[in-house]
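Every heavy atom of this structure was used, including side-chain atoms; hydrogens, water molecules and symmetry mates were not. These numbers were taken from a predicted model, which means no experiment stands behind them. Here is the naming used below: chain letters follow the sequence lines, and residue numbers restart at 1 for every chain.
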Amino acid sequence: MEIKAIRGFNDILPDEIGKWQFVEETVREVFEGFGFDEIRIPILEKTELFIRGIGEATDIVEKEMYTFTDKGGSSLTLRPEATASMARAYLEHKLFTFDPVAKLYCIGPMFRYERPQKGRYRQFYQIDAEVFGVANPVVDAEVILMLIHFLRQVGLEKLELQINSLGCRECRPRYREELRAFLSKKSFQLCEDCQRRLQANPLRIFDCKVQSCQETIVDAPKVSDFICKECDHHFNRVKEHLSMAGLEYVLNPKMVRGLDYYTRTAFEVVSYDLGAQNAVTGGGRYDNLFQEIGGRDIPGIGFAIGMERLISLLPKNKGLKRPLDLFIAVQGKDGKQDAFRIAHQLHLERIRAEFDYEEKSLKSQMRRADKLNARYVLILGEEELKKGRAILRNMANQSQEEIPLQELVQILGRKILRD
RNA sequence: GUGAGUGUAGCUCAGUCGGAUAGAGCACUGGGUUGUGGCCCCAGUGGUCGAGGGUUCGAGUCCCUUCACUCACCCCA
């Protein structure tokens, strides 16, 4: 039986890798321009980190983690997200002693055991950015501005930024209880799922697609009526700064985040071209996370972009496969040695050159050059070789010229640079 | 975890009411006078019909089981 990749784990093949490289390059340019530094963190962590960081009652921790016991008996987990690890690294290496403010980003695979569907895989890549050590709402706006700028840089246009405030550990529980009390009285109107949500996380009922549930919550209490003065002030300043920068947003009071650590500012960017999994990116503030994982009280804010979702939205002209610069076609057996020698010489000059390893007819070599989208073909003919010359053919306009082999590198370098 | 749909060549798909050696297009390989790509023409390679079992004289086709993929629920990036 042929061995296949495991469910929800995908290969990224050469013809799509250009898009990935393009996105990664843009991340580095944009994020570093905003003062962020890259950090690389392990793929495995102690299970405890995620249980405490993400929250015991969340779906991720309850049923989606790849957890196993290693040979030493420790419970380890493939990271389902990056924020907890980044916070751990910041605490562990006491990065705050150099500067309390840390702006960090990270790109890599995450793992969640979910049923795969469009835009949702068991191994998926995230681009993560976090700011640790700043409680000021100005940084919330700055992070969101960087995110939107980045999305525009990669070529996404039709996007909607949604923001909300989730309140803090003082006011959110109060609101949650109020909402639960309100809905309990009408629980008979709620669907089966929402009956369950009523106990687990009543805020989620806002997301329900069942008509009767939507009708029931129309006049339910809103977060905005319950958030405390400090949270309200914080949120207003975030909105002010976004407006100041000319950024449009949609207030979505129904937006809830699935990880326990989020507080206050929450945001999402959705695209209606994505199907059911329509969030390209999501994030928010998490002022309780550090304490949950046993550190000092440090505020944080950040976001995660889903790479696969982002890439599926990329315009067609981004990250195209790099064409072959030159194909070396040979005629006769003697030419093969020369092809090998010339190709190596060009490789050292970073010119993408290819030749045929088998002895094929010239016609077949030309066909291959065409298929590989070669811009030029160098034809090593027996007669020209005797004079130390070869034919250089431009595949696009079919013109060809005889050139001295010694000048090949310079001639090619000039031509390739020109277009 | 739940539901629906789909599994036939590398890809996209035909295949009638169950009938004999399983098809097409694209792709791939070679060729279409001795040294030149794309178009066209010719030929060739390639399939345990997802897997296992059953019904039948006979199964790609019908039944059961199972696996995989896709989409949706759920959840999230």
Could you check whether [Y] and [X] have their ring centres less than 6.0 Å apart?
X: A:Tyr66; Y: A:Tyr113; answer: yes
X: A:Phe150; Y: A:Phe34; answer: no
X: A:Phe290; Y: A:Tyr90; answer: yes

Both A:Ala279 and A:Pro116 contact RNA chain B. Which one's nearest nucleotide lies toward the 5' end?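 Result of the comparison: A:Pro116.
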Could you say whether A:Lys371 or A:Glu81 is positioned toward the 5' end of RNA chain B, judged by the nucleotide with the nearest heavy atom to each?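 Here A:Lys371 is the residue nearer the 5' end.
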[N] versus [M] - spacing of their [atom1] atoms, nearest Å:
N: B:rU61; M: B:rG19; atom1: P; answer: 11 Å
N: B:rU48; M: B:rG30; atom1: P; answer: 24 Å
N: B:rA24; M: B:rC71; atom1: C1'; answer: 29 Å
N: B:rG18; M: B:rU56; atom1: P; answer: 16 Å

Is a donor-acceptor contact shorter than 3.5 angstrom present between the side chain of [X] and the base of [N]?
X: A:Lys4; N: B:rG50; result: no
X: A:Gln365; N: B:rG35; result: no
X: A:Arg393; N: B:rG37; result: yes
X: A:Glu62; N: B:rG1; result: no
X: A:Gln277; N: B:rC71; result: no

Reckon [X] touches a base, only the sugar-phosphate, or nothing at all at heavy-atom distances under 4.0 Å?
X: A:Lys63; result: nothing
X: A:Gly283; result: nothing
X: A:Glu383; result: base
X: A:Gln398; result: base
X: A:Tyr121; result: base
X: A:Val377; result: nothing
X: A:Gln400; result: base
X: A:Ala304; result: sugar-phosphate
X: A:Ile305; result: nothing
X: A:Arg368; result: nothing
X: A:Lys118; result: sugar-phosphate

Given atom [atom1] of [X] and atom [atom2] of [N], what is their separation to the nearest angstrom?
X: A:Gln331; N: B:rU36; atom1: CD; atom2: P; answer: 9 Å
X: A:Glu130; N: B:rA77; atom1: CD; atom2: P; answer: 11 Å
X: A:Arg7; N: B:rU66; atom1: CZ; atom2: C1'; answer: 13 Å

Hunt down the Watson-Crick or G-U wobble partner of B:rU2, both distances under 3.5 Å, from any strand shown, or write none.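 By the stated definition (distances under 3.5 Å), B:rA72 pairs with B:rU2.
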A:Glu383 CD: over 12 foreign heavy atoms closer than 6.0 Å: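 Check fails, neighbour count at 12 or below.
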For A:Arg28, does the CZ atom have more than 12 heavy-atom neighbours from other residues, nucleotides or ligands under 6.0 Å away?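 Correct, the count exceeds 12.
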Residue-phosphate contact under 4.0 Å: A:Ser361 side-chain N/O, B:rG31 OP1/OP2: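 Yes, such a contact exists.
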Under 4.0 Å between a side-chain N/O of A:Gln117 and OP1 or OP2 of B:rC71, yes or no?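 A:Gln117 to B:rC71 OP1/OP2: no side-chain N or O under 4.0 Å.
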Of the listed nucleotides B:rU29, B:rG3, B:rA77, the one nearest the side chain of A:Arg115: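 Looking only at side-chain atoms, A:Arg115 lies closest to B:rG3.
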A:Ile391 side chain, from C-beta outward: closest of B:rU36, B:rU29, B:rC75: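 The listed nucleotide nearest to A:Ile391's side chain is B:rU36.
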Angle class for the A:Phe355/A:Phe340 ring planes (parallel below 30°, perpendicular above 60°, tilted otherwise)?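 If you compare the ring of A:Phe355 with that of A:Phe340, the planes turn out perpendicular.
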I need the A:Arg174 CZ to A:Leu179 CG distance, nearest 0.5 Å.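 Interatomic distance, A:Arg174 CZ to A:Leu179 CG, rounded to 0.5 Å: 14.0 Å.
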